Structure formats: structure tokens, C-alpha cells
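Worksheet for the structure shown next.
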Amino acid sequence: MATAFFAGSFNPFTRGHASIVARALPLFDSIIIGIGVNAEKPDSADEGESRAEAIRALYAEEPRVRVVVYDTLTVDAARRAGATVLLRGVRSIADFEYERTMAALNRRIGDMETLLLFAEPDLECVSSSIVRELQSYGRDVSDFLP
């Protein structure tokens with residue numbers, strides 16, 4: 001198995017965050033949760049560290065989860081941290097298009113594979129062609145189908 005870098009500037013209590021980490025833990029030896037900050041904004045680093053502390057508290061009992069704050073390209077931060085895969089979370093069907101674009105971008109600029117995991121999206125009214133496409137990004141899509 002490998003190390004995944006779960007990137008974002010998200011709040012630790014965002015809907016679906018814990019679900020995505022829980023779904024990823026069986027797939028990887030370790031997960032690094034990266035909190036992105038804007039290096040050009042002075043208060044951004046303090047906010048990022050506050051979010052990181054809150055997330056560290058959530059995973060205090062899980063030794064395979066580490067939290068870092070970064071202000072570089074996500075792919076660069078992932079490589080420096082020793083990750084081999086970028087992990088992105090899809091929390092809704094609307095999220096999927098953005099995350100698919102990010103996965104393609106990461107592949108182009110950094111040649112790093114991105115795994116999209118689904119939290120709890122509503123896929124009841126999705127066409128079979130979209131389902132096949134979703135399945136190419138994550139193995140667990142069928143869990144959400146009626």
C-alpha cells in the first residue's frame with residue numbers, strides 16, 4: 001500500500017470529511033491531511049494551523065493520519081510529504097465535476113494519480129454512463145446506487 005495526500009483548505013467539520021478519511025484508511029498505509037493556505041495572505045497561515053489543530057484532535061487516536069499545513073502547489077506538498085497518491089473527496093454530484101477537473105490537472109502538472117472517494121452523494125437519478133465514469137474514479141460508487 002501507499003501514502004495518500006488528502007488536500008484542501010476545508011474546515012475539519014465539513015460534511016463528508018470524516019467519511020472520506022474513513023473510506024480511505026483501508027486503502028492506504030497512511031493518510032496525510034494537507035491544509036492549504038495562501039502564502040500571500042499573512043493571516044492565512046494562522047487560520048491553516050488552527051484548522052490543522054482541530055483536525056489533529058479529531059484523529060488523535062489514529063496513528064496512520066498526519067496533518068500538515070502547506071503553501072505550495074498541492075502536488076509539490078504531496079511529494080515532499082512522501083505521498084504517492086492524491087486523495088480528493090466528492091461530497092455531492094455537483095462536487096464531482098470540480099474534482100474530476102482537479103484530478104486531470106494534477107495528472108497533467110505533476111503526473112500524480114488522484115483517487116476520488118465519495119462521501120455520501122445522492123446518485124439515485126444518475127445515468128448509467130455517468131455511473132461508469134464515476135466508477136473509473138473510485139471503487140465505492142456502487143455503494144451509493146439503489
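Nothing here was measured: the structure is a model prediction, and the numbers come from that model.
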* **Contact check, side chains of T114 and L87, non-hydrogen atoms, under 4.5 Å** => no

* Asked: Are side-chain heavy atoms of L86 and L115 found at a separation under 4.5 Å?
  -> no

* Please examine the side chains of I35 and V67, heavy atoms only from C-beta on, and report whether any two atoms are closer than 4.5 Å. => yes

* Taking all atoms of both residues into account, what is the closest heavy-atom pair of G48 and V37, and its distance? -> CA-CG1, 3.6 Å

* Does some side-chain heavy atom of I20 sit less than 4.5 Å from a side-chain heavy atom of F6? -> yes

* Dump the intermediate steps for side chain to side chain contact (heavy atoms under 4.5 Å, CB included) on L27 and L117, then the final yes or no. => CA-CA 11 Å; L27 303 175; L117 287 182; 4.2 Å; yes

* Which atom names give the shortest non-hydrogen contact between Y70 and A7, and what distance separates them? -> OH-CB, 3.5 Å

* Asked: Are R56 and E49 within salt-bridge range, i.e. N to O under 4.0 Å?
  -> yes

* Taking R64 for the side chain and L25 for the main chain, is one N or O donor matched with an acceptor at less than 3.5 Å? -> yes

* Asked: To the nearest 0.5 Å, what is the distance between OH (Y59) and CD1 (I31)?
  -> 8.0 Å

* Would you find a donor on one side and an acceptor on the other, under 3.5 Å apart, between the side chain of R66 and the backbone of A81? -> yes

* Do you know which two heavy atoms are closest between F5 and A83, and how far apart they sit? -> CB-CB, 3.7 Å

* Asked: What is the minimum heavy-atom distance between V69 and A52, and which atoms define it?
  -> CG2-CB, 3.7 Å

* Heavy-atom closest contact (T3 atom, G82 atom, distance) -> CB-O, 3.9 Å

* How long is the span from the OG1 atom in T101 to the CZ atom in R88, to the nearest 0.5 Å? -> 10.5 Å

* Structure fact -> Heavy-atom nearest pair, A2 first then F28, reads O-CB, 3.2 Å

